[in-house]
Amino acid sequence: MDYAQLGRTGLKVSKLCLGTMNFGPQTSEEDSFTIMDRAHELGINFFDTANVYGWVKGEGVTEQIIGRWFAQGGGRREKTVIATKLYGSMGDWPNETFLSALNIRRACDASLKRLQTDYIDVYQAHHVDRNTPFEEFWEAMEVLRQQGKILYVGSSNFAGWHIAKAQETARRRNFLGLVSEQSKYHLLERSVELEVLPACEDYGLGVIPWSPLAGGLLGGVLRKIDKGRSATEDMLQSLEKVRPQIEQWEAFCDDLGEDPANAGLAWLLHQKAVTAPIIGPRTADQLDGSLRALEIKFDDKALARIDEIFPGPGGTAPEAYAW
């Protein structure tokens, strides 16, 4: 396994991040345990979750599964850099959602209990809260860090200007600020290249792409169109919107002799700001297959061909739209 520093921190994380959103709804607890054990065997030490995963309001199903896995011992917790998130609704009362100081305090304590740990390595805002000032957000996070309940703070789904505002507010408070940003980023969605990625590079945030294969569209969907998830109505409708690009992509991967899913992950790993794409295997075999992405190297010609198939925004802001 290859490792990288998470942003400007001294924290080393695997260059693939194990996403756990399937644990509970799609993957049984037993199979989830198998996947997490296998991840450690492969050297993957970076796991991502959220308090809302499991999609039963207030239950934190996925965090509970991870907590019971940690509770087995054997160094499972010590070997894991665990990242979880808050923002989404965990109840029906007014302060059980978003990023108020009150919800940050309560949500953190609840996640710690479910995860059966006394600290969270990377505590992430799942979305920007437009009604909570960053001064309040940082004060609450500073208290958690002083209490030893969290080590680092990350963001998810922030715009470039949100990152800048968050970092400048943290700087005024002499606080480390954000160390990572989770963004929707894949070959079919490259808008973060305009401002989010440049902001992350400038402020020293590691980028953790979520949905790196566009929900399966970039994972060889044409060759699996009559099977399982690839045959759903939603997938078929999404495919029809981008079929010409997907046909070219899969032909390109065939020419390389590479699986489209692995090639899609490998492309992200070629992007300067990216630390670790989040992979969401439903089985241990899928997890094993993902490691090939770390070995694929694209030359300039291949990268240029990928840009032809999936044009990006045309550079960073403001040049991409002003000049």
Side-chain angles (χ1 to χ4, degrees), residues 6-7 9 11 20-21 46-64 66-67 70 77 80-159 161-183 199-200 203 205-206 208 210 278:
L6 182 60
T9 75
L11 184 66
T20 63
M21 191 170 66
F46 194 17
F47 293 9
D48 176 72
T49 191
N51 59 358
V52 294
Y53 289 172
W55 312 117
V56 180
K57 185 182 284 189
E59 293 295 316
V61 172
T62 303
E63 285 187 333
Q64 289 192 47
I66 297 170
F70 281 156
R77 175 63 186 99
T80 304
V81 174
I82 187 69
T84 193
K85 300 185 282 292
L86 82 152
Y87 176 89
S89 180
M90 294 296 285
D92 296 324
W93 284 80
N95 292 305
E96 295 181 283
T97 311
F98 309 136
L99 300 178
S100 69
L102 177 58
N103 191 48
I104 288 173
R105 174 177 176 171
R106 289 176 174 173
C108 182
D109 286 345
S111 286
L112 289 170
K113 184 176 181 180
R114 287 188 292 265
L115 289 167
Q116 299 195 45
T117 185
D118 57 0
Y119 72 99
I120 294 164
D121 296 281
V122 186
Y123 201 34
Q124 304 161 113
H126 211 157
H127 197 282
V128 66
D129 182 354
R130 295 178 175 88
N131 293 316
T132 299
F134 277 112
E135 288 83 359
E136 178 179 347
F137 173 81
W138 284 125
E139 182 177 40
M141 290 297 183
E142 288 165 18
V143 170
L144 293 181
R145 197 163 191 264
Q146 290 164 0
Q147 292 173 335
K149 294 178 180 180
I150 67 171
L151 298 181
Y152 301 98
V153 181
S155 59
S156 182
N157 305 309
F158 275 30
W161 73 271
H162 296 137
I163 291 169
K165 191 171 184 180
Q167 295 303 76
E168 292 305 320
T169 305
R171 179 178 293 174
R172 290 195 298 271
R173 301 178 65 88
N174 295 314
F175 194 65
L176 182 63
L178 300 172
V179 304
S180 61
E181 158 62 19
Q182 278 194 36
S183 290
C200 289
Y203 282 106
L205 278 65
I208 310 166
W210 63 267
I278 298 175

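Remember, predicted model here, so these are calculated numbers, not experimental data.
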Among pairs that include at least one residue of residues 94-105, which meet side-chain hydrogen bond (donor to acceptor under 3.5 Å, both in side chains), considering only residues two or more places apart or in two chains? Ser89-Thr97
For residues Ala170 and Gly177, report the shortest heavy-atom separation together with the two atoms involved. CB-CA, 3.6 Å
Nearest-0.5 Å distance that lies between atom CD in Gln64 and atom OG in Ser111: 10.5 Å
For Glu63 and Leu115, the nearest pair of non-hydrogen atoms, with its separation, is O-CD2, 3.6 Å
Taking C-beta and beyond as the side chain, do Leu99 and Leu86 meet within less than 4.5 Å on heavy atoms? yes
Residues which pass side-chain contact (heavy atoms from CB on, under 4.5 Å) with Ala83, listed by chain and number, not counting sequence neighbours: Phe46, Asp48, Val122, Gln124
Would you confirm whether Asp121, through its side chain, and Ile82, through its main-chain N or O, come within 3.5 Å as a donor-acceptor pair? yes
Is the number of heavy atoms from other residues, nucleotides or ligands within 6.0 Å of CE (Met90) greater than 12? yes
Contacts of Ala164 meeting side-chain contact (heavy atoms from CB on, under 4.5 Å) (sequence neighbours excluded), chain-then-number -> Tyr203
Report the distance from atom CD1 of Ile208 to atom CD1 of Ile278, rounding to the nearest 0.5 Å. 6.0 Å
Does the side chain of Tyr123 reach to within under 4.5 Å of the side chain of Thr84, using non-hydrogen atoms? yes
Checking Asp129 now: which residues fulfil salt bridge (Lys or Arg N to Asp or Glu O under 4.0 Å) with it, not counting sequence neighbours? none
Should Thr20 and Thr49 be marked as a side chain to side chain donor-acceptor pair (under 3.5 Å) after you check the CA-CA gap, both sets of side-chain angles, and the distance that decides it? CA-CA 6 Å; Thr20 63; Thr49 191; 3.1 Å; yes
Those residues that, when tested against Ala110, pass side-chain contact (heavy atoms from CB on, under 4.5 Å) (two or more places apart): Arg114
So do Thr80 and Phe70 actually touch side chain to side chain, heavy atoms under 4.5 Å? yes
Please walk me through it: do Gln167 and Leu178 pass side chain to side chain contact (heavy atoms under 4.5 Å, CB included)? CA-CA 7 Å; Gln167 295 303 76; Leu178 300 172; 3.3 Å; yes
In chain order, what residues pass the salt bridge (Lys or Arg N to Asp or Glu O under 4.0 Å) check against Arg173, with sequence neighbours excluded? Glu142
Can you list the residues that meet the side-chain contact (heavy atoms from CB on, under 4.5 Å) rule with Val61, with sequence neighbours excluded? Val56, Glu59, Ile65
Across all chains, not counting sequence neighbours, the ring pair (Phe, Tyr, Trp, His ring centres under 6.0 Å) partners of Trp210 are none
For residues 130-140, which residue pairs pass the salt bridge (charged side-chain N to carboxylate O under 4.0 Å, His left out) check, not counting sequence neighbours? Glu135-Arg172
Indicate yes or no for a side-chain donor-acceptor contact from Trp138 to the backbone of Ala166 under 3.5 Å, with no hydrogens or angles considered. yes
Please collect all ring-ring contact (aromatic ring centres under 6.0 Å, His included) contacts where either partner lies in residues 84-121, sequence neighbours excluded, each pair once. Tyr87-Phe98, Tyr87-His127
Could you go through residues 148-156 and list every donor-acceptor pair under 3.5 Å that involves a side-chain atom there, pairing it with any protein atom two or more places apart or in another chain?
from	atom 1	to	atom 2	distance (Å)
Lys149	NZ	Asp109	OD1	2.8
Lys149	NZ	Gln147	OE1	3.4
Ser155	OG	Ser180	O	3.3
Ser155	OG	Glu181	OE1	2.6
Ser156	OG	Gln182	O	3.4

For Trp55, ring pair (Phe, Tyr, Trp, His ring centres under 6.0 Å) partners two or more places apart: Tyr53
